[in-house]
Amino acid sequence: VIAVLVVFENAVAIDQLLVATQPGRVYALDIQGRLLGEFPLAQGRAAWPSALACDSVRGLLYLAERDAGRVRAVWSDGTTAFALTAAGTDLLEAPVDLAVDPASRRLWVLLESYQNGSAMQVHGFTLDGTYVNSLAPFGATQGRLTRGAGLAAGCGEHGQRRRSCP
């Protein structure tokens, strides 16, 4: 079960928790945990949803679909704004986590591992889906990743706490 707190300003979901489950459904809960209903996905269930992230300014939900090798940006009515399947020449095979950094207006995508062919493990996009850069090369030495598991953005430099971080 994957969850993200969603605050859409001009959309249906207000102060909701969205939870992705297997086999690919996304449910909306209120902040007390009551089921409000299923978040519509116009193009069908998600293929092994592994992460959710929210752009509350634009009202987009980003959905990492591990088994489909893509990240979908979905409007609050469930229609797909766009889908990401590659970062430059690297395919987004097995995306396992997402992070939205409001300060840099970036969406970061973490891949599970190099076994699927991407030499870089973290890929950056603008919030409208334009590829920007890739970081964190594969490997077992310092500064490299062998298997991605989690990602966060916007919480300060080198783990230093700042006001915008919870």
Side-chain angles (χ1 to χ4, degrees), residues 2-20 24-28 37-113 116-138 145 148-157 162-166:
I2 307 295
V4 65
L5 180 62
V6 177
V7 182
F8 288 150
E9 293 176 2
N10 298 316
V12 176
I14 305 288
D15 294 323
Q16 293 183 3
L17 185 67
L18 295 182
V19 179
R25 289 192 162 109
V26 177
Y27 293 101
E38 187 169 351
F39 187 88
L41 290 174
Q43 292 183 313
R45 290 183 183 173
W48 195 270
S50 56
L52 301 172
C54 178
D55 174 0
S56 60
V57 173
R58 294 185 61 211
L60 281 172
L61 173 69
Y62 299 98
L63 174 67
E65 296 178 273
R66 184 187 172 279
D67 285 3
R70 70 178 173 201
V71 173
R72 261 199 279 178
V74 182
W75 296 111
S76 61
D77 67 359
T79 58
T80 299
F82 58 86
L84 303 172
T85 58
T89 58
D90 285 343
L91 295 178
L92 292 181
E93 294 196 35
V96 293
D97 206 359
L98 302 171
V100 170
D101 182 3
S104 68
R105 310 259 325 129
R106 295 281 188 268
L107 170 67
W108 295 99
V109 179
L110 174 67
L111 302 184
E112 185 174 50
S113 75
N116 294 319
S118 177
M120 300 302 248
Q121 301 301 94
V122 179
H123 302 284
F125 298 86
T126 62
L127 296 178
D128 64 2
T130 302
Y131 170 68
V132 177
N133 64 330
S134 296
L135 5 139
F138 176 79
L145 299 174
L151 184 64
C155 288
E157 188 175 322
R162 67 178 189 195
R163 289 185 186 157
S164 65
C165 208

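Start at 1 with the first residue, then count along the sequence.
- At a threshold of 4.5 Å between non-hydrogen side-chain atoms, the residues L107 and L84 count as touching.
- L151 CG to Q121 CD: the interatomic distance, rounded to the nearest 0.5 Å, is 11.5 Å.
- When all heavy atoms of A81 and W75 are compared, the pair lying nearest together is CB-NE1, 3.2 Å.
- D128 meets the side-chain hydrogen bond (donor to acceptor under 3.5 Å, both in side chains) test with T126, T130; sequence neighbours excluded.
- Every salt bridge (charged side-chain N to carboxylate O under 4.0 Å, His left out) that R72 has, sequence neighbours left out, goes to E65.
- Between L92 and T85 there is no side-chain heavy-atom pair separated by less than 4.5 Å.
- Ring geometry, Y62 versus F82: the interplanar angle falls from 30° to 60°, so the pair is classed tilted.
- The shortest heavy-atom contact between P95 and R70 is CG-O, 3.6 Å.
- Closest of all the heavy-atom pairs between S134 and A87 is OG-CB, 4.3 Å.
- The side chain to side chain contact (heavy atoms under 4.5 Å, CB included) test applied to A28 returns Q16, L18, L36, not counting sequence neighbours.
- Under the rule for a salt bridge (charged side-chain N to carboxylate O under 4.0 Å, His left out), the partners of R25 that lie at least two apart in sequence or sit in another chain are E38.
- Pairing each heavy atom of L63 with each of P49, the nearest pair is CD1-CB, 3.8 Å.
- Looking at residues two or more places apart in sequence or on another chain, you find a side-chain hydrogen bond (donor to acceptor under 3.5 Å, both in side chains) between S104 and D101.
- The nearest pair of heavy atoms linking A53 to L98 is CB-CB, 3.9 Å.
- Using a 4.5 Å heavy-atom threshold, the side chains of V71 and F125 count as separate.
- Scored by the ring pair (Phe, Tyr, Trp, His ring centres under 6.0 Å) test, Y27 finds no partners at all (sequence neighbours excluded).
- Nearest heavy atom pair, residue W108 against residue A153, reads CD1-CB, 4.0 Å.
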